[in-house]
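Inspection log for the structure reproduced underneath, given as structure tokens.
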Amino acid sequence: MPDNQTLPRPAPGPPPPAEGLGPRVRAVLTAAAPALAAYAAVRAVGLLVFWVWASAAGKDAWHLLGGRWDSVWYQRIAENGYGYTATLPDGTLHPDLAFFPLLPALERAVAAVTPLTLQDAGITLAWVAGLVAAWGIYAVGARLRDRRTGVVLAALWGAYPTAFVQSMAYTETLFTALAAWALYAVLRDRWILAGALSVLAGLTRPSAAALIAALAITAAATLVREWRAGRREGLPRRHTRMLAGVCLAPLGWLAYVVFVAVREGSPFAYFEVQAEWGNSIDGGRALAAFVAGLPLPAALGLCAALGLLGWLVFLCVRQRQPLPVLVYGIAIVVISLIGSGYFGSRPRLMMPAFPLLLPPAVALLRPRTTARTTAALVVLALASAAYGAWTLLGSGPP
């Protein structure tokens with residue numbers, strides 16, 4: 001292969017199916033075990049560093065993971081349903097309708113059938129979702145290249161700078177799990193499953209728009225390609241499942257938008273609620289103003305970080321990632337940058353864009369020595385852990 005950064009290349013298929021469902025499940029879990037172990041080890045390092053740091057500072061680590069900021073809003077919804085509005089000292093209103101319903105519904109369900117509190121349920125769900133997400137990320141990486149790439153990709157996602165959020169009672173980890181498996185389903189041409197997972201993602205976060213766009217653009221490109229190739233007869237009929245999956249994908253997000261509209265008595269109520277939180281789309285003006293208002297060294301550093309982000313996007317394009325994976329990753333980045341919301345949350349909002357980590361994963365495997373790759377991952381895990389502990393022990397939300 002002339003370019004080691006080009007995707008996809010033929011990858012070894014899944015283990016040969018064994019007789020019966022039980023052996024088949026065991027075979028699949030065995031194949032994914034290294035990725036899950038690598039991800040769990042990276043996150044364990046992050047949690048250990050955070051726990052030691054919090055104890056030294058006299059802080060309750062468990063409360064920091066599940067008892068502040070967005071976590072409290074989700075738990076309040078889980079306990080009482082929607083209807084709470086916070087009034088800030090400046091008179092600004094923050095209604096809880098800005099938060100999507102799937103996580104609080106799951107928290108309520110888990111707390112109802114277990115001895116766990118809502119806070120415990122939220123953290124537990126985040127940790128379980130982290131493993132499911134790592135599994136899905138591994139599956140995508142193995143599908144696009146090979147299993148070693150899938151393992152490193154899952155570990156890199158666990159060492160993302162704001163990966164500490166993966167251990168918090170937030171929605172990013174649950175959303176990433178749904179998105180990763182939806183993309184894997186598209187890569188396997190299982191469009192109905194991809195659409196169903198997109199419905200759940202649309203009930204989790206507004207960034208499900210990136211996943212919906214990935215499915216729609218991929219389907220449109222497929223139809224156009226076949227039309228140009230002359231395979232026009234019966235074209236929609238041949239792709240019934242694909243079109244059904246695309247039509248299914250936005251229903252979760254649309255259902256919540258309609259719910260807010262009916263509840264508030266306004267067709268644009270959802271967007272008005274987001275605007276009250278300062279989360280309207282401004283095309284990047286707020287980001288530009290934030291950079292311009294920083295001291296010169298900080299502004300240069302942030303511009304360098306944005307340049308690195310742009311370079312990763314370029315590498316993903318050059319790597320020729322499959323269209324759904326590429327569109328999803330770029331769309332997550334764009335959605336995270338063009339809003340007017342709190343700047344400190346933007347790295348967290350970009351965390352589900354795991355396809356950006358494919359080029360670094362390939363680069364880490366170039367030496368072809370396990371020791372070097374492992375050493376690099378250890379350094380990244382420690383750096384992520386230190387940054388996560390410092391951030392969580394700060395006063396502002398991530």
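Bear in mind that the values here come from a model prediction, so they are computed numbers and not experimental data.
Of the residues listed (Leu365, Leu357, Leu144), the one engaging Leu153 in a side-chain contact (heavy atoms from CB on, under 4.5 Å) is Leu357, and it is the only one. Here the rule is side-chain contact (heavy atoms from CB on, under 4.5 Å) with Met168, and of Thr173, Asp70, Leu392, Leu64 only Leu392 fits it. The residue from Tyr138, Trp157, Tyr160, Trp127 that alone fulfils the ring pair (Phe, Tyr, Trp, His ring centres under 6.0 Å) condition with Tyr39 is Trp157.
Panel note: side chain Trp135, backbone Gly130; no donor-acceptor pair is recorded below 3.5 Å. Between the side chain of Arg108 and the backbone N or O of Ala105 there is no donor-acceptor pair closer than 3.5 Å. Under the 3.5 Å distance criterion, the side-chain polar atoms of Gln75 are left unmatched by any main-chain donor or acceptor of Pro104. Put simply, the side chain of Asp96 gets close to the backbone of Gly83: a donor and an acceptor are under 3.5 Å apart.
The distance from atom OG of Ser345 to atom OH of Tyr170, rounded to the nearest 0.5 Å, is 7.0 Å. Rounding to the nearest 0.5 Å places CD1 of Ile335 at 12.0 Å from CE of Met350.
Under the 4.5 Å side-chain criterion, counting only non-hydrogen atoms from C-beta, Ser167 is not in contact with Ile123. The side-chain heavy atoms of Leu300 and Leu294, taken from C-beta on, include no pair separated by under 4.5 Å. Taking 4.5 Å as the limit, every side-chain heavy atom of Ser280 sits out of range of all side-chain heavy atoms of Gln274.
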Walk me through it: do Arg205 and Thr171 pass the test side chain to side chain donor-acceptor pair (under 3.5 Å)? CA-CA 7 Å; Arg205 292 194 56 78; Thr171 55; 2.8 Å; yes

Could you go through the side chain to side chain donor-acceptor pair (under 3.5 Å) check for Gln119 and His63 one step at a time? CA-CA 8 Å; Gln119 177 178 313; His63 172 73; 4.5 Å; no

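When the side chains of ILVMFWY residues are joined at heavy-atom separations under 4.5 Å, either directly or via intervening members, Leu248 and Trp191 end up in two distinct hydrophobic clusters.
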